[in-house]
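A quick write-up on the structure given underneath.
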Amino acid sequence: MPIHGPDEPVYTIGVMARLVGVSSQMLRVWEKECLLSPARTETNNRLYSENDYYRLVRIRDLTRQGVNAAGIRMVLGITEVPAKQSIERTTDDKERKLTYGQSRRNRFGND
DNA sequence: CTTCTAACA
DNA sequence: TGTTAGTA
């Protein structure tokens, strides 16, 4: 039977907003912050999947705890790509240089 | 981040 | 109903 899979984009922004318990504008803001990537329909309307629901629930939970877009992006980033990128993959000097730069960030947070 | 409005599809 | 953009 053609039951919708967990990655089948069937929910519109309004439905997903009610499901998660946030406003539709938040979903658009979160997409702008690259916190998720919903599918687009023929008329350029956002379509969220069941998988996106769980992601949005995490985002809503983190946002309620006071986590900003940067923190949420990190959490979502690591949960989506777990230990996939290795140093072995970085063959180019640019890639290696980029990894080195990210690793040697300032010890003390003087912001 | 949250809320709302304007013009358009 | 939903999209973008702008506003407070």
Side-chain angles (χ1 to χ4, degrees):
Chain A
M1 307 305 278
I3 294 294
H4 307 301
D7 59 340
E8 290 281 22
V10 290
Y11 304 107
T12 181
I13 183 170
V15 176
M16 185 54 79
R18 282 194 191 185
L19 253 55
V20 180
V22 297
S23 181
S24 57
Q25 286 285 38
M26 302 293 76
L27 268 48
R28 295 192 182 113
V29 170
W30 291 341
E31 186 201 17
K32 185 189 177 191
E33 295 296 320
C34 301
L35 301 180
L36 48 18
S37 305
R40 292 305 186 99
T41 185
E42 300 294 308
T43 171
N44 202 29
N45 292 7
R46 292 176 177 83
L47 282 183
Y48 295 88
S49 63
E50 186 179 323
N51 227 326
D52 292 327
Y53 168 75
Y54 297 107
R55 185 192 298 245
L56 286 169
V57 169
R58 281 195 211 103
I59 296 175
R60 205 248 294 122
D61 184 58
L62 291 168
T63 304
R64 242 180 181 177
Q65 296 179 38
V67 182
N68 62 335
I72 298 175
R73 191 179 304 149
M74 185 197 70
V75 175
L76 295 176
I78 63 178
T79 47
E80 190 169 353
V81 185
K84 195 63 173 296
Q85 288 183 334
S86 303
I87 311 178
E88 304 173 293
R89 190 73 174 182
T90 62
T91 50
D92 298 333
D93 292 338
K94 284 200 303 184
E95 295 282 347
R96 200 191 314 159
K97 191 175 184 180
L98 184 66
T99 308
Y100 175 76
Q102 291 178 344
S103 303
R104 73 166 298 278
R105 277 174 55 85
N106 54 353
R107 315 295 176 161
F108 290 90
N110 317 334
D111 61 301

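Labels below follow one simple rule: chain letters A, B, ... track the order of the sequence lines, proteins then strands, and each chain is numbered from 1.
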* Involving DNA chain C, stems made of at least three consecutive Watson-Crick or G-U pairs, both distances under 3.5 Å -> B:4-9 with C:1-6
* Structure fact -> Output for pair (E33(A) CD, I59(A) CD1), nearest 0.5 Å, gives 10.5 Å
* Asked: Whole-Å distance between dT1(C) C1' and M16(A) CE?
  -> 16 Å
* To do: Check L27(A) against A17(A) and note the closest heavy-atom contact, atom names and distance.
  => CD2-N, 3.8 Å
* Structure fact -> Separation between OG1 (T12(A)) and CG (N45(A)), nearest 0.5 Å, reads 6.5 Å
* Between atom CZ of R58(A) and atom CG of L35(A), what is the distance when rounded to the nearest 0.5 Å? -> 12.5 Å
* Asked: salt bridge (charged side-chain N to carboxylate O under 4.0 Å, His left out) with E8(A): which residues, sequence neighbours excluded?
  -> none
* Structure fact -> By salt bridge (charged side-chain N to carboxylate O under 4.0 Å, His left out), R18(A) pairs with (sequence neighbours left out) none
* Residues from residues 24-32 of chain A lying under 4.0 Å of DNA chain C - heavy atoms -> Q25(A), R28(A)
* Considering all heavy atoms of both residues, which atom of S49(A) and which atom of Y11(A) are nearest to each other, and what is their separation? -> C-CD1, 3.9 Å
* Starting at CZ of R55(A), measure out to OG of S37(A) and round the result to the nearest 0.5 Å. => 6.5 Å
* How many angstroms lie between atom CE of M26(A) and atom CD of E31(A), to the nearest 0.5 angstrom? -> 13.0 Å
* Asked: What residues in residues 59-69 of chain A put a non-hydrogen atom under 4.0 Å from any atom of DNA chain C?
  -> none
* Shortest non-hydrogen contact from L47(A) toward P9(A) -> O-CB, 3.5 Å
* Look up atom CH2 in W30(A) and atom CG in L36(A), then write down how far apart they are to the nearest 0.5 Å. => 8.5 Å
* Residues of residues 39-51 of chain A with any non-hydrogen atom less than 4.0 angstrom from an atom of DNA chain C: list those, numerically ordered, please. => R40(A), N44(A), N45(A), R46(A)
* Asked: Can you find a side chain N or O atom of S23(A) that sits less than 4.0 Å from OP1 or OP2 on dT2(B)?
  -> no
